[in-house]
Amino acid sequence: MAARGVVGIFFLSAVPLVCLELRRGIPDIGIKDFLLLCGRIFLLLALLTLIISVTTSWLNSFKSSQVYLKEEEEKNEKRQKLVRKKQQEAQGEKASRYIENVLKPHREMKLRKLEERFYQMTGEAWKLSSGHKLGGDEGTSQSSFETSNREAAKSQNLPKPLTEFPSPAVQPTCKEIPDLPEEPSQTAEEVVTVALRCPSGNVLRRRFLKSCSSQVLLDWMMRIGYHTSLYSLSTSFPRRPLAVEGGQSLEDVGITVDTVLILEEKEQTN
């Protein structure tokens with residue numbers, strides 16, 4: 001339609017020109033010249049029509065291609081949004097399955113282990129058992145209870161339960177506790193400070209001469225109330241028992257600088 005309108009406009013604009021040419025050349029124009037002029041005009045109109053039609057078709061195709069590209073872009077965006085939504089849903093399902101099948105059982109197992117460890121440390125391992133019905137085999141339940149308690153005490157390195165109470169250990173009398181040598185001053189030479197970490201958590205400190213007998217450490221233990229038959233000495237780092245003999249000095253047993261010793265309870269043997 002646009003091409004036809006343009007052709008009509010060109011044709012109407014060419015009509016006055018043709019009239020002017022005819023009016024100027026009426027005396028000298030012939031039929032042959034008139035036909036030639038008309039042919040040239042029609043040829044010009046045909047050429048203009050061809051140019052206009054080609055240009056119009058090209059413009060229409062360009063517009064249609066733009067519209068097609070725009071539609072394709074919208075389709076691609078919708079397709080990408082749909083794909084991303086499916087991927088997000090798949091990732092969400094994977095995450096929920098991982099939480100349900102891996103993280104949740106791992107947390108439950110960790111909590112169960114912490115609960116078992118807590119009951120074993122408190123000596124209430126019987127709470128971990130499923131229990132027994134009333135009126136059942138009491139002997140079996142009692143033996144299983146004692147077995148669980150022994151296992152809990154063994155895992156925590158606790159003293160074994162005693163069915164028979166041993167006779168109380170003989171406590172040293174005042175006559176058995178030897179006197180300690182006089183504590184040297186801080187400015188004296190060849191002096192070491194020994195820190196004694198008691199089972200109660202208290203830390204006691206005292207100065208000794210390096211030449212003092214190592215037996216003075218045991219005398220110090222007994223002086224503060226820890227009998228040598230129930231307690232022993234060990235070094236803090238590396239952790240090892242301290243070999244104390246009466247014939248060796250503190251320097252001979254390795255106490256040449258300020259040292260921290262740990263007072264430990266000996267394991268009771270039946």
Side-chain angles (χ1 to χ4, degrees), residues 113-126 128 146-270:
K113 287 183 178 180
L114 290 174
E115 185 179 7
E116 292 177 358
R117 184 178 178 185
F118 172 75
Y119 286 136
Q120 289 175 359
M121 290 178 64
T122 56
E124 298 177 349
W126 57 272
L128 301 174
E146 292 177 357
T147 303
S148 61
N149 281 343
R150 283 197 298 269
E151 291 178 355
K154 184 178 179 181
S155 63
Q156 296 299 323
N157 197 15
L158 297 176
K160 298 180 180 178
L162 300 177
T163 56
E164 297 180 358
F165 293 96
S167 58
V170 179
Q171 296 295 332
T173 61
C174 295
K175 294 181 180 180
E176 296 178 359
I177 300 176
D179 294 331
L180 296 176
E182 185 179 356
E183 186 175 6
S185 62
Q186 295 181 357
T187 58
E189 296 181 356
E190 299 295 324
V191 174
V192 291
T193 301
V194 178
L196 194 63
R197 184 176 297 168
C198 303
S200 61
N202 296 331
V203 179
L204 304 177
R205 292 178 175 82
R206 199 179 191 279
R207 293 185 296 275
F208 297 97
L209 293 173
K210 296 180 182 179
S211 58
C212 287
S213 174
S214 59
Q215 182 67 29
V216 75
L217 298 176
L218 302 180
D219 299 341
W220 187 24
M221 286 172 50
M222 297 180 65
R223 172 67 64 177
I224 61 178
Y226 295 95
H227 199 270
T228 55
S229 62
L230 301 177
Y231 297 90
S232 62
L233 290 173
S234 62
T235 58
S236 59
F237 186 80
R239 195 70 170 268
R240 59 180 177 82
L242 184 65
V244 178
E245 297 181 3
Q248 293 181 342
S249 63
L250 295 179
E251 190 173 5
D252 294 335
V253 297
I255 302 178
T256 58
V257 294
D258 295 347
T259 307
V260 177
L261 299 179
I262 298 175
L263 192 60
E264 296 179 325
E265 187 176 358
K266 293 183 178 179
E267 294 183 0
Q268 300 295 330
T269 57
N270 295 332

Query - Shortest non-hydrogen contact between Y231 and M221, atoms and distance - result: O-CE, 3.7 Å

Query raised in the report: Can you tell me how far the CD1 atom of I262 sits from the CG atom of L242, to the nearest 0.5 Å?
Result: 11.5 Å

Report task. Take T235 and T259, measure what side-chain contact (heavy atoms from CB on, under 4.5 Å) needs, and give me the verdict at the end. Result -> CA-CA 8 Å; T235 58; T259 307; 5.5 Å; no

**Report entry** Pairwise ring-ring contact (aromatic ring centres under 6.0 Å, His included) hits with a residue in residues 179-214, at least two apart
**Finding:** F208-W220

Query - For R240, side chain to side chain donor-acceptor pair (under 3.5 Å) partners two or more places apart - result: none

Requested in this report: Rounded to the nearest 0.5 Å, what's the gap from CD on E183 to CZ on R205? Could you check?
Outcome: 12.5 Å

Report summary line: Shortest non-hydrogen pair, I224 vs C198, comes out as CD1-SG, 4.4 Å

Query - Partners meeting salt bridge (charged side-chain N to carboxylate O under 4.0 Å, His left out) with R197 (sequence neighbours left out) - result: none

Query - Between OG on residue S234 and CG on residue L263, distance to nearest 0.5 Å - result: 8.5 Å

Report task. Could you tell me whether the side chain of K210 and the main chain of T256 form a donor-acceptor pair under 3.5 Å? Result -> yes

Query - Shortest non-hydrogen separation from S229 to K266 and the atoms involved - result: O-CD, 3.8 Å

Query raised in the report: Hey, is the main chain of L180 close enough, under 3.5 Å, to the side chain of D219 for a donor-acceptor pair?
Result: no

Report summary line: Note: R207 and P184 closest approach over all heavy atoms is NE-O, 2.9 Å

Query raised in the report: Quick one: salt bridge (charged side-chain N to carboxylate O under 4.0 Å, His left out) partners of E251, sequence neighbours excluded?
Result: none

Report summary line: Note: V191 and S185 closest approach over all heavy atoms is CG2-O, 4.1 Å

**Report entry** R206 side chain near R223 side chain, heavy-atom distance below 4.5 Å
**Finding:** no

Query - Residues that D252 engages under side chain to side chain donor-acceptor pair (under 3.5 Å), provided they are two or more places apart - result: S249

**Report entry** All side chain to side chain contact (heavy atoms under 4.5 Å, CB included) counterparts of P241, not counting sequence neighbours
**Finding:** none

Query raised in the report: Taking it one step at a time, do T228 and M222 satisfy side-chain contact (heavy atoms from CB on, under 4.5 Å)?
Result: CA-CA 7 Å; T228 55; M222 297 180 65; 4.0 Å; yes

Query raised in the report: Could you go step by step and tell me if L217 and L250 meet the side-chain contact (heavy atoms from CB on, under 4.5 Å) rule?
Result: CA-CA 9 Å; L217 298 176; L250 295 179; 3.8 Å; yes

